[in-house]
Amino acid sequence: MKPCRVVVGVTGASGAGIALRIIERLAAMKSVEIHLVLSQSAKRTVLHEEGAEAMGRMLSLASINHAVDDIGAAIASGSFPTTGMIVAPCSMRTLAAIATGLSDNLVTRAADVHLKERRKLVLMTRETPLHLIHLRNMCAVTEAGAIVMPPVPAFYNRPLSVFDIVDQFAARAIDQLGIAPAPQAPIWQPHVVKPS
C-alpha cells in the first residue's frame, strides 16, 4: 500500500494557528506521515501568535521535520511519492515564488515538485486587501494546478469561537487532499427559513 505522505509548509503570514490545527488533525489520522517545513519567518510568527508551546507541539506531531534550507531533503524530489501538500498560511512572498518557479527554499521547492508531478497543492494565502500582483500570482498558480484557498470563514455553521473557525479552515484544507474516508468539515445542510 502506498504511504500517505502529506507535506505541510508553514510560512510567515499571520495565521499560525491554522497550521497547528492542520497538523493536529493530520496527526490524528494514524496512516498519515507528516513532513513539516517552517520558513524562518514562520518560526517568528508561530512564536508571536501561538507561543513556544505551540511551536513545540507542531514539531513533535510531525513525523519528519525538514530544515527550510535543506534543498537535498526527500520532499525536494519528484521521485519521493507524496499524497499532497498544504502551505498554511501561505505568504504573498511564498505565493510569488511558487507562481514564478523560484525554488529558493524547501517550501517553494516542495511546492514546485507538487506542481510538476501533478499532485495536490493547497495554498492558504493570507493577505487583504489584494492588489493586482497578488491576484495575478493566484491566477498563475491556479493555472499550474494549485488550489488557492484563502482562509475565509463560513458563518452558516454558527461558529462559537475562533477555534471553531480555525478548525473548519483546517478540515476544509485536508478535505482538498481527499485522504480521509469521510469529509472532515461539516457538510452544508440546507434548511428552509420562513420569512417573517
Side-chain angles (χ1 to χ4, degrees), residues 6-26 34 36-46 48-50 54 58 68 82-103 105 107-115 118-180 183-188:
V6 176
V7 180
V8 178
V10 185
T11 65
S14 183
I18 299 168
L20 176 58
R21 190 64 189 133
I22 287 169
I23 293 164
E24 287 173 341
R25 277 183 162 274
L26 288 172
I34 305 165
L36 177 62
V37 190
L38 288 94
S39 71
Q40 292 303 322
S41 297
K43 291 177 184 176
R44 181 173 179 170
T45 305
V46 171
H48 177 75
E49 292 184 352
E50 299 294 323
M58 233 183 236
V68 72
T82 64
T83 307
M85 178 175 183
I86 301 171
V87 181
C90 180
S91 68
M92 292 298 105
R93 182 251 177 251
T94 301
L95 172 67
I98 296 168
T100 56
L102 180 62
S103 301
N105 65 44
V107 174
T108 55
R109 172 59 189 167
D112 193 68
V113 165
H114 280 77
L115 290 177
R118 308 300 192 263
R119 298 176 191 158
K120 292 278 183 117
L121 173 63
V122 179
L123 305 177
M124 300 190 78
T125 52
R126 266 287 296 117
E127 188 60 271
T128 192
L130 300 167
H131 59 61
L132 187 56
I133 296 169
H134 297 153
L135 295 169
R136 284 181 173 155
N137 286 337
M138 288 181 186
C139 284
V141 296
T142 301
E143 289 169 346
I147 298 165
V148 176
M149 189 177 176
V152 178
F155 295 103
Y156 57 79
N157 59 351
R158 299 185 180 180
L160 299 176
S161 66
V162 172
F163 176 82
D164 290 345
I165 294 170
V166 169
D167 189 52
Q168 188 191 35
F169 293 156
R172 294 209 56 212
I174 293 168
D175 283 345
Q176 291 296 316
L177 300 181
I179 59 175
Q184 298 287 297
I187 298 171
W188 165 247

Taking all heavy atoms of [X] and all of [Y], pick out the closest pair and write down the distance.
X: Ala88; Y: Met124; result: CB-SD, 3.7 Å
X: Thr45; Y: Ala13; result: CG2-O, 3.5 Å
X: Pro89; Y: Arg126; result: CB-CG, 3.7 Å
X: Val166; Y: Gly17; result: CG1-O, 3.5 Å
X: Thr11; Y: Cys90; result: OG1-CA, 3.4 Å
X: Pro151; Y: Thr125; result: CD-O, 3.2 Å

Query raised in the report: For Val113 and Arg119, what are the C-alpha separation, side-chain angles and deciding distance, and is it a side chain to side chain contact (heavy atoms under 4.5 Å, CB included)?
Result: CA-CA 8 Å; Val113 165; Arg119 298 176 191 158; 4.1 Å; yes
Less than 4.5 Å apart, any side-chain heavy atom of [X] and any of [Y]?
X: Leu26; Y: Ile179; value: yes
X: Asn105; Y: Gln40; value: no
X: Val122; Y: His114; value: no
X: Thr94; Y: Thr108; value: yes

Query - Arg172/Asp175 ion pair, N-O < 4.0 Å - result: no
Requested in this report: Using modelled atom types only, decide if a donor and an acceptor are shared between the side chain of Lys120 and the backbone of Gln176 within a distance under 3.5 Å.
Outcome: yes
Requested in this report: Return yes if some donor-acceptor pair links the side-chain N/O of Gln168 with the main-chain N/O of Pro153 below 3.5 Å, else return no.
Outcome: no
Query raised in the report: Does Ala146 have any side-chain contact (heavy atoms from CB on, under 4.5 Å) partners at least two apart in sequence or in another chain, and if so, which?
Result: Leu115, Leu121, Leu123, Val141
Look up atom [atom1] in [X] and atom [atom2] in [Y], then write down how far apart they are to the nearest 0.5 Å.
X: Ile86; Y: Leu177; atom1: CD1; atom2: CG; answer: 4.5 Å
X: Leu95; Y: Ile133; atom1: CG; atom2: CD1; answer: 11.0 Å
X: Met138; Y: Glu127; atom1: CE; atom2: CD; answer: 8.5 Å
X: Ile22; Y: Asp167; atom1: CD1; atom2: CG; answer: 10.5 Å
X: Leu38; Y: Lys43; atom1: CG; atom2: NZ; answer: 6.5 Å

**Report entry** Any residue meeting side chain to side chain donor-acceptor pair (under 3.5 Å) with Gln184, in chain and number order, not counting sequence neighbours
**Finding:** Arg25
Requested in this report: For Phe169 and Met149, run side chain to side chain contact (heavy atoms under 4.5 Å, CB included): C-alpha distance rounded to whole Å, both residues' side-chain angles, the deciding distance at 0.1 Å, then the answer.
Outcome: CA-CA 9 Å; Phe169 293 156; Met149 189 177 176; over 6 Å; no
Requested in this report: Might you confirm whether atom CG of Leu102 has over 12 heavy atoms from other residues, nucleotides or ligands at distances under 6.0 Å?
Outcome: yes
Report summary line: By ring-ring contact (aromatic ring centres under 6.0 Å, His included), His48 pairs with (sequence neighbours left out) none
Requested in this report: Evaluate the criterion side chain to side chain contact (heavy atoms under 4.5 Å, CB included) for residue pair Met92 and Asn137; output intermediate values, then yes/no.
Outcome: CA-CA 9 Å; Met92 292 298 105; Asn137 286 337; over 6 Å; no
Query - Val68 and Val37: CA distance, side-chain angles, deciding distance, side chain to side chain contact (heavy atoms under 4.5 Å, CB included) verdict - result: CA-CA 6 Å; Val68 72; Val37 190; 4.1 Å; yes
